[in-house]
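Have a look at the structure below, then the notes.
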Amino acid sequence: MDTVILDIAGAIADLGDLARGLADGAAGLSDMVQAEPPPPSAAPVSPAGRESLPGGGLDALGAPTPGAPLAGGGGAGGLAATKLDPMSLFWQADIIVKGVMLMLVLASVWSWAIIIDKVTRLKMLFRRANAFEDRFWSGGSLDDLYDRLGPNPKDPMTSLFIAAMREWRRATGREGGAGLSASLPQRIDRVMQITMSRELDGLERRLGFLASTGSVAPFVGLFGTVWGIMNSFHAIGMSKDTSLATVAPGIAEALFATAIGLVAAIPAVVAYNKLSNDIDAYARRLETFAGEFSAILSRQIEERTSPRPAHERLSLDKADA
């Protein structure tokens with residue numbers, strides 16, 4: 001019995017020695033692995049699955065590398081969608097928005113053509129009016145002035161003078177300069193008023209387009225903006241992506257239509273107000289000249305119907321002035 005117990009105890013001791021040997025071997029292997037550093041040429045290993053992300057271009061810490069496209073950017077297409085130059089915004093817009101933009105650009109170009117034409121013409125008319133009034137009030141014969149101007153006037157003030165003088169000569173030629181009709185001043189006034197209205201109508205032609213552009217262009221641009229935003233929300237529904245990167249390019253293109261509408265409307269409104277004031281000032285100047293000339297002709301009619309000699313020529317002296 002004692003022999004069996006001693007054999008079991010020896011076996012257990014042998015098993016303990018074997019276990020201690022295995023433990024010492026594992027510890028030595030661990031020290032060998034920790035003591036060996038990685039080779040210098042080895043590249044850092046990125047986290048698992050990082051290369052499969054849609055953005056790509058990430059460094060070892062997971063930050064985007066410089067120059068790499070952002071997630072959802074779509075490479076070159078994503079960069080093109082973020083451009084803010086007018087041509088890129090135009091070509092990336094919907095066909096309806098493009099039509100609105102083209103309409104507004106054409107309206108703006110035509111408005112500027114009208115503005116330049118009216119401003120240039122009004123400056124020329126004011127300059128010619130000054131020159132004509134200098135000649136009219138110079139004290140010379142009005143018959144001689146009429147003969148020098150000829151039948152084709154070049155400005156409204158000259159047209160008023162020629163129309164009135166033509167009516168005067170018809171009356172004096174038909175009645176021989178004596179016994180002029182009492183209705184002649186009214187006929188002369190009516191002729192000058194008709195001529196003035198015709199000339200002012202010519203000056204005001206196409207100003208209505210400026211007024212229409214100034215009032216309608218912002219709403220036309222707003223229509224293009226609403227249509228573009230509708231397309232952007234439709235794109236969200238189709239792609240099932242609610243990120244700002246999906247809707248922002250379409251909204252930028254849509255807002256560009258409103259910007260063009262304002263660019264067309266603001267100069268049109270400012271120019272319409274300025275040109276209207278200038279034309280009103282010129283119309284008042286024509287009315288003043290017509291009143292003064294009508295008064296001069298009325299005095300001449302009174303002198304013609306008086307006992308004074310009928311062969312006196314129509315002239316302007318200091319008393320008439």
Side-chain angles (χ1 to χ4, degrees), residues 110 112-178 180-181 183-210 271-272 274-301 303-304 310-317 320-321:
W110 184 240
W112 277 107
I114 295 174
I115 293 170
I116 294 173
D117 176 70
K118 295 299 181 182
V119 169
T120 304
R121 179 168 173 77
L122 282 173
K123 287 183 177 180
M124 179 186 64
L125 291 180
F126 276 106
R127 186 171 60 251
R128 289 182 176 178
N130 293 332
F132 174 77
E133 287 183 337
D134 291 339
R135 299 172 64 182
F136 182 82
W137 298 106
S138 62
S141 172
L142 297 182
D143 286 319
D144 294 340
L145 179 60
Y146 174 77
D147 294 334
R148 287 196 303 269
L149 292 175
N152 298 320
K154 297 181 180 180
D155 60 277
M157 188 170 288
T158 305
S159 298
L160 288 180
F161 173 76
I162 291 178
M165 288 296 298
R166 185 183 295 118
E167 186 65 24
W168 169 269
R169 284 197 170 184
R170 286 174 182 173
T172 57
R174 182 174 59 251
E175 300 175 10
L180 296 176
S181 174
S183 63
L184 180 58
Q186 288 78 13
R187 294 204 308 269
I188 292 176
D189 289 340
R190 187 160 54 249
V191 167
M192 287 193 293
Q193 289 297 327
I194 294 173
T195 304
M196 187 188 309
S197 299
R198 184 172 58 249
E199 295 293 337
L200 291 178
D201 288 342
L203 284 178
E204 294 175 350
R205 189 178 299 119
R206 292 189 295 271
L207 284 184
F209 182 82
L210 295 181
Y272 176 79
K274 177 64 169 60
L275 293 174
S276 296
N277 292 333
D278 292 344
I279 291 176
D280 290 342
Y282 189 74
R284 290 191 297 270
R285 190 168 181 177
L286 292 179
E287 291 175 354
T288 301
F289 171 76
E292 293 173 344
F293 189 38
S294 178
I296 292 173
L297 294 179
S298 297
R299 285 195 295 268
Q300 292 295 326
I301 293 174
E303 293 178 358
R304 291 295 182 96
H311 62 274
E312 291 182 353
R313 293 176 60 82
L314 177 63
S315 61
L316 180 67
D317 52 17
D320 293 330

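Since this is a predicted model, take the numbers as computed values, not measurements. Residues take their numbers from the sequence shown, with the count starting at 1.
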| task | Test Arg299 against Ile296 for side-chain contact (heavy atoms from CB on, under 4.5 Å), laying out the working first. | result | CA-CA 5 Å; Arg299 285 195 295 268; Ile296 292 173; 3.6 Å; yes

| field | CZ-CG distance between Arg205 and Leu200, expressed to the nearest 0.5 angstrom | value | 11.5 Å

| Side chains of Tyr282 and Pro156: does their closest heavy-atom pair fall under 4.5 Å? | yes

| Glu167 with Arg190: basic N within carboxylate O range, under 4.0 Å | no

| message | Given 3.5 Å as the limit, does a donor-acceptor pair link the side chain of Thr158 with the main chain of Lys154, or not? | response | no

| Rounded to the nearest 0.5 Å, how far apart are CD1 of Ile194 and OG of Ser159? | 13.5 Å

| message | Working note: Phe289 + Met192, criterion side-chain contact (heavy atoms from CB on, under 4.5 Å); need CA distance, chi angles, decisive distance, verdict. | response | CA-CA 10 Å; Phe289 171 76; Met192 287 193 293; 5.6 Å; no

| What do the steps show when you test Arg284 against Asp280 for salt bridge (Lys or Arg N to Asp or Glu O under 4.0 Å), and what is the final call? | CA-CA 6 Å; Arg284 290 191 297 270; Asp280 290 342; 5.3 Å; no

| field | Considering all heavy atoms, the nearest Asp143-Met165 contact | value | OD1-CE, 3.4 Å

| said: What verdict does the side-chain contact (heavy atoms from CB on, under 4.5 Å) test give for Phe136 and Met157, after you've listed the backbone C-alpha separation in whole Å, the side-chain angles of each residue and the deciding distance to 0.1 Å? | reply: CA-CA 11 Å; Phe136 182 82; Met157 188 170 288; over 6 Å; no

| note | In short, Ile162 meets Gly150 closest at the heavy-atom pair CD1-O, 3.0 Å

| query | Are the side chains of Ile115 and Arg206 in touch, meaning some heavy atoms are under 4.5 Å apart? | reply | no

| task | Quick one: closest heavy-atom pair of Val191 and Ala164, and the distance? | result | CG1-N, 4.5 Å

| task | Before accepting this row, confirm whether a basic side-chain N of the pair Arg169/Asp147 lies closer than 4.0 Å to the acidic partner's carboxylate O. | result | yes

| Would you say Leu210 and Trp110 make side-chain contact, with heavy atoms under 4.5 Å? | no

| query | When rounded to the nearest 0.5 angstrom, what is the spacing between CG in Leu184 and CZ in Arg170? | reply | 12.0 Å

| note | Tightest non-hydrogen contact, residues Phe209 and Ile114, listed as CD2-CD1, 3.8 Å

| request: Using the test side chain to side chain donor-acceptor pair (under 3.5 Å), find all partners of Thr195 that sit at least two apart in sequence or belong to another chain. | output: none

| request: Check the angle between the aromatic planes of Phe293 and Phe161 and answer parallel, tilted or perpendicular using the 30° and 60° thresholds. | output: tilted

| Shortest non-hydrogen contact from Leu297 to Trp168? | O-CZ3, 4.0 Å

| message | For Gly291, is there any backbone N or O sitting under 3.5 Å from a side-chain donor or acceptor partner on Ser294? | response | no

| message | For a side-chain contact (heavy atoms from CB on, under 4.5 Å) check, start with the C-alpha distance between Arg285 and Glu133, then their side-chain angles and the critical distance, and finish with the verdict. | response | CA-CA 11 Å; Arg285 190 168 181 177; Glu133 287 183 337; 3.0 Å; yes

| Donor-acceptor pair, Lys118 side chain versus Leu203 backbone, under 3.5 Å? | yes

| Say you draw a straight line from CZ of Arg135 to CG of Leu142; how long is it, rounded to the nearest 0.5 Å? | 12.0 Å

